[in-house]
Number of protein chains: 2
Amino acid sequence: MDKSICPRFDKAMSLISQRWIGLIIYQLLSGPQRFCNIEAAIGVSGKVLSERLKDLENEGIVKREIYPETPVRIEYSLTDKGLAFEPVLRDIENWSQSWLEAESQ
Amino acid sequence: MDKSICPRFDKAMSLISQRWIGLIIYQLLSGPQRFCNIEAAIGVSGKVLSERLKDLENEGIVKREIYPETPVRIEYSLTDKGLAFEPVLRDIENWSQSWLEAESQ
DNA sequence: TAAAATAACTTACATAAAGTAACTAACTGA
DNA sequence: TCAGTTAGTTACTTTATGTAAGTTATTTTA
């Protein structure tokens, strides 16, 4: 058990290797939005989405804001820490455009 | 179910959101190496490592080469497609240095 | 020559994570 | 009052991952 890898890098990797985390942040790059919007846009179940949003909020990556309108509006948005993740997602986007086929079986 | 996201990006995201995939590619960035070396360096179990290496080989990201020496040497290395993934991992590295704490409990 | 070691896996079993679908609570408009 | 919307939660099933031991081939050591 070497574990020669940096614990911070290791933690970042565990973060994005949680299913849906990347797509949630990517979706929030297009601006603050509601729970049901994220759910519909990326096709995640409500159960997992609420778990992930809680995790991301605890990590300081996502901010949850309640607007006491009628009906109540709850908006999720990226913090600076979350916005700083954009280059990662852009690189993944670029890589996927260059190296993955448009058609998959 | 909008599913407005690009299927190629979606596929790339499913790839890196598989546990260990990122760390395996990262580890291979330091050069071709053997199974047991990757296993020790990142702390993944042999079972999952062999699954992941097969997946990565099928995706054309990793190359497996057998050197019929004594004892036989099997080396895993990155293809061009795999090497092209480097910027993603460097960005994650940078992000983790800037935004994650050195100490975690 | 037999026993122990190493590399590269695989198998069996246990636990954790994710998916599915239905349910809740608060409100609103018809 | 009934159906609809938002933001979730709960119960249950399926899939993924972890752990530890076993396998095959070869090689080194006693």
Side-chain angles (χ1 to χ4, degrees), chain A residues 1-3 5 10-28 31-59 61-78, chain B residues 1-3 5 10-28 31-59 61-78:
Chain A
M1 306 290 170
D2 259 41
K3 285 288 199 175
I5 31 161
D10 195 38
K11 198 195 168 181
M13 286 304 315
S14 331
L15 240 171
I16 55 138
S17 66
Q18 274 187 94
R19 213 166 303 184
W20 302 109
I21 287 281
L23 286 175
I24 292 167
I25 298 176
Y26 182 78
Q27 183 61 25
L28 290 175
Q33 54 202 283
R34 326 175 71 147
F35 190 93
C36 62
N37 192 261
I38 305 170
E39 198 175 6
I42 66 174
V44 64
S45 72
K47 176 200 160 194
V48 175
L49 181 55
S50 74
E51 280 172 15
R52 289 301 183 269
L53 287 171
K54 269 175 212 155
D55 292 350
L56 288 167
E57 214 192 332
N58 289 336
E59 292 294 335
I61 291 168
V62 158
K63 196 166 49 203
R64 180 180 191 268
E65 287 190 284
I66 307 176
Y67 299 90
E69 302 167 358
T70 48
V72 69
R73 181 161 54 100
I74 295 176
E75 276 197 341
Y76 294 91
S77 58
L78 295 175
Chain B
M1 308 292 169
D2 258 44
K3 286 290 197 167
I5 30 161
D10 195 38
K11 199 197 166 181
M13 286 305 312
S14 330
L15 241 171
I16 57 137
S17 66
Q18 276 188 92
R19 212 163 305 182
W20 302 109
I21 286 282
L23 286 176
I24 292 167
I25 298 176
Y26 182 78
Q27 181 62 26
L28 289 176
Q33 54 203 283
R34 326 177 72 150
F35 191 94
C36 62
N37 193 259
I38 305 171
E39 199 176 6
I42 68 176
V44 63
S45 71
K47 175 198 160 197
V48 175
L49 182 56
S50 77
E51 279 172 15
R52 289 301 183 269
L53 287 171
K54 268 176 213 156
D55 292 351
L56 288 168
E57 213 192 332
N58 289 337
E59 292 295 334
I61 291 167
V62 159
K63 197 166 47 203
R64 180 180 192 267
E65 288 189 284
I66 307 175
Y67 298 91
E69 301 166 358
T70 50
V72 69
R73 180 161 55 99
I74 296 175
E75 277 197 341
Y76 295 90
S77 58
L78 296 173

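Throughout, protein chains are lettered first and strands after them, A, B, ... in sequence-line order, and every chain is numbered starting at 1.
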At under 4.0 Å, does any side-chain N or O of [X] touch on OP1 or OP2 of [N]?
X: A:Arg64; N: D:dA7; answer: no
X: A:Tyr76; N: D:dT6; answer: no
X: B:Arg34; N: C:dA7; answer: no
X: B:Trp20; N: D:dT17; answer: no
X: B:Ser50; N: C:dT10; answer: yes

From C-beta outward on A:Ser45, which listed nucleotide comes closest to its side chain: C:dC9, C:dT20, C:dA18? C:dT20
Side chain of A:Arg52 - closest among C:dA8, D:dG18, C:dA18: C:dA18
Rounded interatomic separation in angstrom, taking [atom1] from [X] and [atom2] from [N]:
X: A:Leu53; N: D:dT9; atom1: CG; atom2: C1'; value: 14 Å
X: B:Glu75; N: C:dC9; atom1: CD; atom2: C1'; value: 17 Å
X: A:Gln18; N: C:dA18; atom1: CD; atom2: P; value: 6 Å
X: A:Gln33; N: D:dG8; atom1: CD; atom2: C1'; value: 17 Å
X: B:Ile24; N: D:dT17; atom1: CD1; atom2: P; value: 11 Å
X: B:Lys47; N: D:dA20; atom1: NZ; atom2: C1'; value: 11 Å
X: A:Arg19; N: D:dA16; atom1: CZ; atom2: C1'; value: 7 Å
X: B:Glu51; N: C:dA8; atom1: CD; atom2: P; value: 18 Å

Residue pair [X] / [Y]: nearest heavy atoms and the distance that separates them:
X: A:Trp20; Y: A:Gly43; result: CH2-O, 3.7 Å
X: B:Leu49; Y: B:Glu39; result: CD2-N, 3.7 Å
X: B:Leu78; Y: B:Lys63; result: O-NZ, 4.3 Å

When B:Tyr76 is tested against each of B:Arg64, B:Glu57, B:Gln27 for side-chain hydrogen bond (donor to acceptor under 3.5 Å, both in side chains), which residue passes? B:Arg64
Compute the angle between the rotation axes at the two ends of the helix from C:dT1-D:dA30 to C:dA30-D:dT1, each taken over five pairs, rounded to 10 degrees. 10°
Tell me every residue that passes side chain to side chain contact (heavy atoms under 4.5 Å, CB included) with A:Lys47, counting only those two or more places apart in sequence or in another chain. A:Ser45, A:Glu51
Taking the nucleotide of DNA chain D with the nearest heavy atom to each, does B:Val48 or A:Phe35 sit closer to the 5' end? A:Phe35
Rounded to the nearest 0.5 Å, how far apart are CE of A:Met13 and CG of A:Asp10? 8.5 Å
Do B:Leu23 and B:Val44 touch side chain to side chain, with heavy atoms closer than 4.5 Å? no
